[in-house]
Amino acid sequence: MSVLVYTETEKGKFKKNTWEVASYAAALAEKLGTEAVAVAFNPTDSAALGKYGIARVLQVKEPRLEAFNARATAAVVRQAATEAGATTIVVSSSADARFMAPILAGVLKAGYAPNVVGLPEQTSPLVVRRTVFSNKGFAHTQLDGTIGIIGVSNNAFGATEKGGNAEIQDFAPELPDSLFGTRSVSVDKATDKIAIADADIVVSGGRGLKGPENWGMIEELAQVLGAATACSKPVSDMGWRPHSEHVGQTGKPVASNLYIAIGISGAIQHLAGVNASKVKVVINNDPEAPFFKAADYGVVGDAFEVVPELIEKLKEFKAENA
Amino acid sequence: MKILVCISNVPDTTSKINFTADQTAFDATGVQFVINPNDEFGLTRAMWFKEKQGATLHVATVGPASVEPTMRKALAIGADEAIRIDAEATDGLFVARQLAEVIKNGGYDLIIAGRESIDYNGGMVPGIISAMLDMNFVNNCISLEIDGTKATAIREIDGGKETLETSLPLIIGGQKGLVEESDLRIPNMRGIMMARQKKLSVVSPVDMNQGTEDRKFEKPAPKGEVKLVDPGNLDQLIDLLHKEAKVI
Ligand SMILES: Cc1cc2nc3c(=O)[nH]c(=O)nc-3n(C[C@H](O)[C@H](O)[C@H](O)COP(=O)(O)OP(=O)(O)OC[C@H]3O[C@@H](n4cnc5c(N)ncnc54)[C@H](O)[C@@H]3O)c2cc1C
Ligand SMILES: Nc1ncnc2c1ncn2[C@@H]1O[C@H](COP(=O)(O)O)[C@@H](O)[C@H]1O
């Protein structure tokens with residue numbers, strides 16, 4: 001018995017979400033009285049996993065996996081699970097993990113519980129708490145069968161450094177060419193911007209901002225805070241901002257530590273997608289805007305006055321606390 | 001080309017979510033059900049393939065007879081035939097197995113499902129089907145072009161997008177972006193009339209275990225009052241975010 005964690009790398013470096021899922025796997029292993037094993041793809045710094053409580057790293061060196069391939073990755077994780085004698089597999093909520101995990105569930109005929117917000121409340125069988133109905137409810141879900149997959153919700157558990165050493169072991173799974181029927185041709189990624197999925201802070205603008213020409217202050221606020229930018233659905237539908245920034249029930253989910261909504265009314269579909277954020281700040285000139293009911297902090301005021309001043313004050317704050 | 005669109009029947013996005021008194025199930029009282037929004041984008045893209053590339057278009061749903069109005073809506077939008085697998089959709093593994101059986105028997109070239117159902121947010125059915133049928137799969141798909149048996153798809157990744165080349169048979173988990181919002185179809189009168197005559201077959205489920213069971217549900221704890229900060233006193237907001245919320 002062991003807990004296996006699927007870790008994600010980009011150009012050899014672990015992605016930020018790695019530390020959270022590794023910490024989760026280590027805490028779960030402790031609870032089950034067993035060890036946490038990681039599987040890593042072309043990593044350059046496997047030892048770093050030891051600090052988060054991983055006992056053993058199965059490292060795969062495979063040029064065909066330099067570009068992410070969901071099906072081949074699922075095949076590796078399945079073989080790693082056998083090698084490690086895993087009864088639970090832990091994955092993140094990244095786009096790649098959400099692409100790979102269902103394939104793995106299908107291959108293993110295993111139960112998969114996504115959007116899990118904490119350690120299992122019961123271990124035999126495993127029962128986990130996860131969000132359902134787009135954050136409008138929670139389910140306590142039992143994983144049946146001999147192996148189960150847990151998808152940890154972004155920022156739900158956090159990363160905990162424990163200090164420890166991981167034993168590193170080369171692992172060479174079988175990967176027939178038939179697994180590579182889907183090939184990556186190109187990746188288009190803004191390198192100067194923070195992705196919504198990776199962001200601790202998200203600054204989001206709605207129709208209250210009147211037009212795309214007014215987004216300068218949103219970008220600047222995001223820059224001061226080291227935040228990602230997002231928007232409501234109509235804003236992307238009207239082409240003021242790219243579709244990739246649309247958040248909500250039918251857009252990207254947001255589970256950041258801080259979500260700042262500016263000129264957004266707080267429609268139920270918008271809230272459904274952003275409510276998993278820990279702290280929500282609303283800036284809106286209408287005190288009756290529904291978003292105030294879902295917010296932690298609010299400023300009733302004109303965004304065109306509040307936001308520039310907030311930027312100045314934050315710059316001062318950053319200078320003092322640098 | 002033969003296309004199957006997998007449609008899940010979900011509460012309308014404006015629904016208030018309640019659970020039964022014993023907290024063991026979703027309470028559907030007064031809830032309006034619709035085609036899952038992600039599947040609506042897929043269905044519209046499938047209609048484009050039907051109209052521009054002469055594809056045959058079927059839809060399938062795993063669910064009891066109460067889901068049939070949603071299936072009729074898909075027929076009214078333009079699907080040629082509908083298949084209902086007569087079983088409660090208990091979990092992703094079970095649902096995927098049922099759809100895989102329909103796909104295997106129907107000889108479909110392209111399967112369009114959604115990235116997730118907005119009810120249980122599983123995000124797993126298309127991926128599980130791909131594994132069960134050894135089929136190419138693209139998730140979070142925001143663009144799909146088919147040329148013969150070759151397919152070019154774009155998927156959303158964290159912080160950008162990736163273009164993929166693959167081939168039929170193929171299954172996708174689609175979402176907004178597959179078609180423009182303004183191109184989404186609403187059934188017209190003629191479509192609704194024609195849908196009544198279209199074939200809606202009901203098939204029995206095959207045996208399959210569940211991988212998960214939802215034992216109990218609860219609603220989120222009620223939210224505390226919002227703390228309002230005066231627009232003339234934004235230092236206070238920064239102070240609260242720094243010292244109280246500890247997020248900056
Ligand atoms: C099936 C379906 C799915 C949907 N999915 C989503 C989704 O995923 N995400 C999403 O966002 N929406 C979604 N919607 C749309 C949703 O219902 C709302 O229409 C949308 O969220 C409203 O966007 P908004 O808040 O930017 O605009 P509005 O509702 O127009 O709100 C603008 C706000 O700005 C405020 N304002 C105006 N001027 C100022 C100013 N000078 N300073 C400060 N505040 C100002 C106003 O008081 C108002 O509250 C969906 C709808 C449907 C039907
Ligand atoms: N009961 C169902 N019947 C038909 N298709 C479904 C069903 N449940 C899920 N799907 C399909 O699988 C996609 C992902 O659903 P899920 O894995 O439930 O989040 C949906 O968008 C549908 O295309």
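The basis for the numbers below is simple: all heavy atoms, side chains too, and nothing from hydrogens, waters or symmetry mates. Being a predicted model, the structure only gives us computed values, none of them experimental. Proteins get letters first, then strands, A, B, ... in listed order; numbering begins at 1 in each.
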Of the backbone (N, CA, C, O) and the side chain (C-beta and beyond), which part of B:Leu93 lies under 4.5 Å from a heavy atom of chain A, both, or neither? side chain
Please classify the contact between B:Pro220 and chain A as side chain, backbone, both or neither, with a heavy-atom cut-off of under 4.5 Å. both
Which bit of B:Leu237 comes within less than 4.5 Å of chain A, counting heavy atoms only: side chain, backbone, both or neither? side chain
What part of B:Ala96 gets within 4.5 angstrom of chain A, counting heavy atoms only: side chain, backbone, both, or neither? neither
Short N-O contact, B:Asp22 and B:Lys216, less than 4.0 angstrom: no
Using the ring of each side chain (for Trp, its six-membered ring), is B:Phe33 parallel, tilted or perpendicular to B:Phe26, with breaks at 30° and 60°? perpendicular
Whatever's closer than 4.5 Å to a heavy atom in chain B on A:Leu143 counts as both
Relative to chain A, which segment of B:Ser15 carries a heavy atom at a distance below 4.5 Å: side chain, backbone, both, or neither? backbone
Bottom line for B:Met135: the part with an atom under 4.5 Å from chain A's heavy atoms is backbone
Checking heavy atoms, do the side chain of B:Pro11, its backbone, both or neither come under 4.5 Å from chain A? side chain
Proximity breakdown for B:Gln23 and chain A, heavy-atom pairs closer than 4.5 Å: neither
May I ask you to decide whether A:Lys189 forms a salt bridge with A:Glu10, counting only side-chain N to carboxylate O separations under 4.0 Å? yes
Would you say the side-chain atoms of B:Thr20 pair up with the backbone N or O of B:Ala25, donor to acceptor, closer than 3.5 Å? yes
State whether A:Lys193 and A:Asp198 are salt-bridged, where the test is any N-O pair (Lys NZ or Arg NE/NH1/NH2 against Asp/Glu carboxylate O) under 4.0 Å. no
Run the salt-bridge test on B:Lys16 and B:Asp27 with the 4.0 Å N-O cut-off and return the result as yes or no. no
Of the backbone (N, CA, C, O) and the side chain (C-beta and beyond), which part of B:Phe19 lies under 4.5 Å from a heavy atom of chain A, both, or neither? side chain
Whatever's closer than 4.5 Å to a heavy atom in chain B on A:Ala70 counts as neither
Heavy-atom distances under 4.5 Å only: say whether B:Gln175 touches chain A with side chain, backbone, both or neither. neither
Heavy-atom cut-off 4.5 Å, strictly under: side chain, backbone, both or neither for B:Thr13 against chain A? both
With chain A, the option among B:Asn209, B:Ile129, B:Thr166 that has the most non-hydrogen atom pairs under 4.5 Å is B:Thr166
Highest number of heavy-atom pairs under 4.5 Å with chain B: which of A:Ser134, A:Gly301, A:Gly145? A:Ser134
